[in-house]
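To start, the structure under review is shown below, and the notes come after it.
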2 protein chains.
Amino acid sequence: MADVAHRANVSTMTVSRAFKRDTSVSADTRDRILKAAEELGYVFDSIAANLSSRRSGFVAATIPSINNANFADTVRGMTEGLRDSGLEILLGFTDYNVEEEERLVGQLLQRRPEAIIVTGGRHTPRCRKMLANAGVPVVETWDLPSDPIGHVVGFSNAEAGRLMVDHFVARGYSKLGFIGGDTSRDTRGLDRRRGFIAALQDRGLDASRVIASGVPPISMREGAAAMVEMISRWPDTEAVMCVSDLSAFGALMECVRRGIRVPDDVAIAGFGAYDLAEQSVPPITTIDVGAHEIGIRVAELVLDLLNGRHAPEDRVVVGMTPRVIVRHTT
Amino acid sequence: MADVAHRANVSTMTVSRAFKRDTSVSADTRDRILKAAEELGYVFDSIAANLSSRRSGFVAATIPSINNANFADTVRGMTEGLRDSGLEILLGFTDYNVEEEERLVGQLLQRRPEAIIVTGGRHTPRCRKMLANAGVPVVETWDLPSDPIGHVVGFSNAEAGRLMVDHFVARGYSKLGFIGGDTSRDTRGLDRRRGFIAALQDRGLDASRVIASGVPPISMREGAAAMVEMISRWPDTEAVMCVSDLSAFGALMECVRRGIRVPDDVAIAGFGAYDLAEQSVPPITTIDVGAHEIGIRVAELVLDLLNGRHAPEDRVVVGMTPRVIVRHTT
DNA sequence: TTGAAAGCGCTAACAC
DNA sequence: GTGTTAGCGCTTTCAA
């Protein structure tokens, strides 16, 4: 920067200003500086800028997996919402693992994000503490925790499970099963299963038909295998909810392979409103939680918080409403 | 750090050392320091560390889209390969757009990555120049550019197109079509189409059956629409390659909806070896390019380069071989 | 609109 | 194994 300043006959301070928007530098001076920088092959060093200004210019976000259309939609929404703010998103992947999340959050906080967004409302105690003490806005998403750390943009996964029971019952099914949500790793999937089970019990229906399989992310293949187990253990099962559209698709394809008619022999529903569920033949009944909108809302909230448009003590909770999309598999 | 040092009765330099691995601090002292840090709620500031040490601790990578299982696999491979090196990956998304890539690369370089990995071998002139002058290792992936900027871990997309023509011809098909690869945005998809066309021409086959549709990422829905157009314009088409498994799946589902038998009436193949292509009924013939392995190889290469295990002037080109996976749709 | 001085929070380099 | 000194490349603050 000193070299550029020298070449453009200004001080480094003016060079610094020339590289920012909305700063008081005359057009002439700015042009001269940018030209000098270009000639010298100067590349602005944002690490030094960050240290000096005590602003890192990014928001940290953790998501369970990079390979998931739902979380990808949320990240797209956040990116769109933050586009004009000058803030970038630093993404980390937890691999559906709260220990990994703890490690990741520790790493991310060392880079001094201006806000931190985490997927889900369950964390290790250490992780909760780090987030609570981070000194920047914290937003939990994709969940509606009973004891939030900071702010929330999410929905109740248990509610999503209940909604599907309502739908199944309205369709006349009463022998209902659930596939997925086994492990403690995908806590949101587990919540959906719990909501499903609780709704069965509330209605006095049999709540034993649960095939919990594998490590998340639950795959199409695991959905197929679980479906085989479901119909061999409980051949009279009338309708099955899968923890995600991917496993629902796997289950559906297994039925197609075996000549089991869907929904005539057994109904299948998923979760997540993936493109796949819409394009598959038959198209799959699913639940839309507005993944993209979650991202947009998170971005709006973060900008409001950073710009002081909320009282610091306000806890903002944006609750989204999961919605059943009825298609041909139920 | 000064506060921690004071509380632990050491200098800041010792505190600094205590927070690193492989440094000479006695176990006692380190424990005392970490305890003091814990008590004070001290969080290490890696921005300052980065400035002082002139090491950012991350590798930048650009991918076209967050929502693509292929690039996700590559990123997973890179993450795994870099896990023990202490390097993190800073991810940016270009949205299949070289102008956006240029902007993104500019931003990323300001954060001083220790290496930069870009998807694809086509860039704006300014972007090429920035990369060439970045002063850090540059790796282009998912392509085999004729004039690489730095190093390469990739494969020839044109070769992938040719391979599928070989496969179709070996299967006895001769009226061959291609879906996708329209725009200048997905240059790798375009290369696959070009390779496909060139192979047709080499064999003296009709090369006019091309439906180029939409903006990338080409979706299942667009694949379905393109298939409709293909069979209405060229009803005698015997086999169709789609630019990706997603559009191939869309095309296949459209055929199922219309009672068109696959592969008896028309054969369909995709690209990318997505899970979807394996799990769909019928399973879809596709091309596997080793997306995950690309990531692993990139990580190995980057570590070798950073550790001086290659002569600085060596240009490393790791060529992967695309491979047809034959399934039931052809 | 521009500049001078001071310093952000850490680490390299060297000393002991 | 630990400490001292100097500074990384910017921006804040204040002044003109």
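Lettering follows sequence order; numbering is per chain, from 1. Side chains included, hydrogens not; waters and symmetry mates left out as well; all remaining heavy atoms used.
- For the pair B:I47 CD1 and D:dC10 P, the computed distance is 14 Å after rounding to whole Å.
- As a whole-Å value, the separation of B:R112 CZ from D:dC8 C1' is 12 Å.
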- Message: Set out, in order, the CA-CA distance, both residues' side-chain angles and the distance that settles salt bridge (charged side-chain N to carboxylate O under 4.0 Å, His left out) for A:R126 and B:E38, then state yes or no.
- Response: CA-CA 11 Å; A:R126 258 185 70 81; B:E38 181 78 34; 3.8 Å; yes
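- Between A:T23 and A:R30, the side chains place a donor N or O and an acceptor N or O closer than 3.5 Å (distance only, hydrogens not considered).
- Where A:T29 and B:T12 each meet DNA chain C at their nearest nucleotide, the meeting point lying more 5' is that of A:T29.
- Straight-line distance from the CG atom of B:L109 to the P atom of D:dG9: 17 Å, rounded to whole Å.
- For the pair B:E99 and B:R103, the salt-bridge criterion is not met [side-chain N within less than 4.0 Å of a carboxylate O].
- Distance from the side chain of B:M1 is smallest to C:dC10 among D:dC10, C:dC10, D:dG3.
- Regarding A:N50, its CG atom lies at a distance of 18 Å from the P atom of D:dC8, rounded to whole Å.
- A:T14 comes within 4.0 angstrom of sugar-phosphate atoms only, judged by non-hydrogen atoms across all strands, and of no base.
- Distance CZ (B:R54) to C1' (C:dC10): 11 Å, rounded to an integer number of Å.
- In this structure, the nucleotide among C:dC10, D:dT12, D:dC10 sitting nearest to the side chain of A:F44 is D:dC10.
- Under 4.0 Å is where a charged nitrogen must lie from a carboxylate oxygen, and between A:R188 and A:D143 no such pair does.
- One atom, CG of B:L51, and another, C1' of C:dG7, lie 12 Å apart when rounded to the nearest Å.
- Note: CZ (A:R32) to C1' (C:dT1) measures 12 Å, nearest angstrom.
- A:Y42 comes within 4.0 angstrom of the backbone, heavy atoms only, and of no base.
- Nearest to the side chain of B:A48, among C:dT2, C:dG9, C:dC8, sits C:dG9.
- Judged by distance alone, with hydrogens and angles left aside, A:R17 brings a side-chain donor or acceptor within reach of the base of C:dG3, the pair sitting under 3.5 Å.
- Using a 4.0 Å cut-off, no side-chain N or O of B:S46 falls inside it from OP1 or OP2 of C:dC10.
- Phosphate contact (OP1/OP2 of D:dC10, side-chain N/O of A:S53, threshold under 4.0 Å): absent.
- Here B:E80 does not pair with B:R83 in a salt bridge; the nearest charged N to carboxylate O distance is not below 4.0 Å.
- Residue A:S24 places its side chain closer to C:dT1 than to any other of C:dG9, C:dT1, D:dT13.
- Between the CD1 atom of B:I33 and the P atom of C:dC10 there is a distance of 13 Å, given to the nearest Å.
- Within the structure, a side-chain polar atom (N or O) of B:S26 is placed less than 4.0 Å from OP1 or OP2 of D:dT2.
- In terms of phosphate contacts, A:S11 brings a side-chain nitrogen or oxygen within less than 4.0 Å of OP1 or OP2 of C:dG3.
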